[in-house]
Amino acid sequence: MKFIMAIIKPFKLDEVREALTALGVQGLTVTEARGFGRQKGHTEIYRGAEYAVSFVPKIKLEIAVSNDLVERVVDTIQKTAATGRIGDGKIFVFDMQQAVRIRTGDRNEEAL
Amino acid sequence: MIRTILRRAALGGTTLAAVTLSAIAFAQEAAPDVPPAPTLDRGDTAWMLTSTALVLMMTIPGLALFYGGMVRKMNVLATAMQSFATCCLVTLLWVIVGYSLAFTEGNQIFGGFSRLFLSGMEPGGSHSLAASIPESVFMTFQMTFAIITPALIAGAFADRMKFSALLWFMGLWLIVVYAPVAHMVWGGGLMGGMGVLDYAGGTVVHINAGVAGLVSAIVLGKRMGYGKTPFPPNNLVYSLIGASLLWVGWFGFNAGSAVAADARAGMAMAVTQIATAAAALGWMFAEWLTKGKPSVLGIISGAIAGLVAITPASGFVLPGGAIVIGIAAGVLCFVASTWLKNMLGYDDSLDAFGVHGIGGIIGAVLTGVFATMAVTGAADPVGLVDGNAGQVFTQIKGVVITIVYCGVATFVVLKVIDLIIGLRVSEDVERDGLDLSLHGELVP
């Protein structure tokens, strides 16, 4: 089991969700996030006062998947979320020790 | 009409020399409030009822939204509350003493006490400055001006004044500063007698509020983190709605100051619209050229600057003059709010001085330039365009008197409150936001 965390551009969310659903992903969690990478922030000006805003709005996706799906999920997110410009985001993959479905108490692969 | 009467008094020959300390010291004028035979006019009354409601709308919700949208999210309710509470407090104080001090017979500085608690205001009677409408309407119309003026000051010290101190300040300032200045200009006092032209409140409302704002910003000091951490506006759509309500309400302010439904009210309305549009574009293009982008906050700030500047001039000027006044106000208020403020280093949070003070001064001086007998119907030249250059100097004298009186009196009021209960919230309160700390509420 792997835990995949992806940071993507907000407007790409629906496209990514559709592609992942087609792949057989059963569920994912979405968080509105802010951060910075190579894409720098922007400047806001209010009556001459300039503020550098260094964190850019992003979407954080969290998906738990079985080992056989990992490569395809990573591949799909990468292809779907890419625009080719700086700020497209990143994908991180972790080993996952355990998963539990709270309603039934199912463990691991059965809980995904 | 108020301003016609004042102009006649001026042309009657009050000389410069008369404006000495001895003249200031309680010289009596001919009684301005001898009850005239009441011949109420239905058209005038209907318009003044409408105007009164329009001017009230400028403060609630207009100013509450305009200012509320510009502060950080943690202070939005406290800021809106300042406008709303000021509205309520001033209403009662105006009834108790303010109206009497401003608009009854007295000396050169303030009026008398003959209308204390509105005593003697008969339902069928009228005020000598507005003979064709009931005095109850005139009193309420003037009340809405008395409400918005102190409420405007709050923009200068947003984010950092205690609410208790705010109430004391608003109440004392109304009595010590607003009522006397209104009396001096409109109620038969010093400046009206000198011939200072102020159709709808350029000196009484805007220079007055702007200077008081500047003094407050300096006395209270800068907000924590000013210039270091960002203070982004929480919602400029609120500010845009507020500015738009102010604009619409301003027709009651300016055209209502005719105190009649007549041709001069019509011209006041037209020039108000024209100057406001010119100022909004003036600020927008100035910002676009120097900062790279035309902002929403910029164009609405410019509109307010134009409304402020045309206020003393409406009822005196033609559309051509209105365009010049508007462009001057838009560009110069932009410079004041972006460059002058930073250069001098005071923290006028929402630019009460930069917009109302500077805009008011520009309007007051240019009124002396563009006021014309073509609008007032006077037999003699009025402003510089008519060939009466002296009016410009009269206007400048009015500006200086207002700045000095308001500046000194506001400083004293603030220092007294600071000494007794303190003006400023604690650092913890300021850091956590006034909404939660002072009012126990939050905007999610």
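Chain letters run A, B, ... following the sequence lines, proteins first and then strands; every chain starts at 1. Any value given below was found using the heavy atoms of this structure, including those in side chains, with hydrogens, waters and symmetry copies removed.
- Residue B/Y238 qualifies as open at atom OH: its count of foreign heavy atoms under 6.0 Å is 12 or below.
- No other option in A/A49, A/A52, A/G48 has as many heavy-atom pairs under 4.5 Å with chain B as A/G48.
- Remark: A/Q97 CD is loosely packed, at most 12 non-hydrogen atoms of other residues, nucleotides or ligands lying under 6.0 Å away.
- Looking at B/W339, there are no atoms closer than 4.5 Å to chain A (heavy atoms on both sides), in backbone or side chain.
- Residues A/Y46 and B/S295 are not in side-chain contact: their nearest non-hydrogen atoms beyond the backbone lie 4.5 Å or more apart.
- Contact between B/T229 and A/Y51 at its shortest, heavy atoms only, is O-CE2, 4.2 Å.
- For B/K291, the NZ atom counts as densely surrounded, since its 6.0 Å shell holds more than 12 non-hydrogen atoms of other residues, nucleotides or ligands.
- B/F84 CZ: 12 or fewer foreign heavy atoms inside a 6.0 Å radius.
- Taking each heavy atom of A/R47 and B/L297 in turn, the nearest pair found is CG-CD2, 3.9 Å.
- No more than 12 heavy atoms of other residues, nucleotides or ligands shown are found within 6.0 angstrom of CZ on A/R34.
- Note that OG1 of A/T43 is 7.5 Å distant from NZ of B/K293, once rounded to the nearest 0.5 Å.
- At a 4.5 Å heavy-atom cutoff, B/F334 makes no contact with chain A through either its backbone or its side chain.
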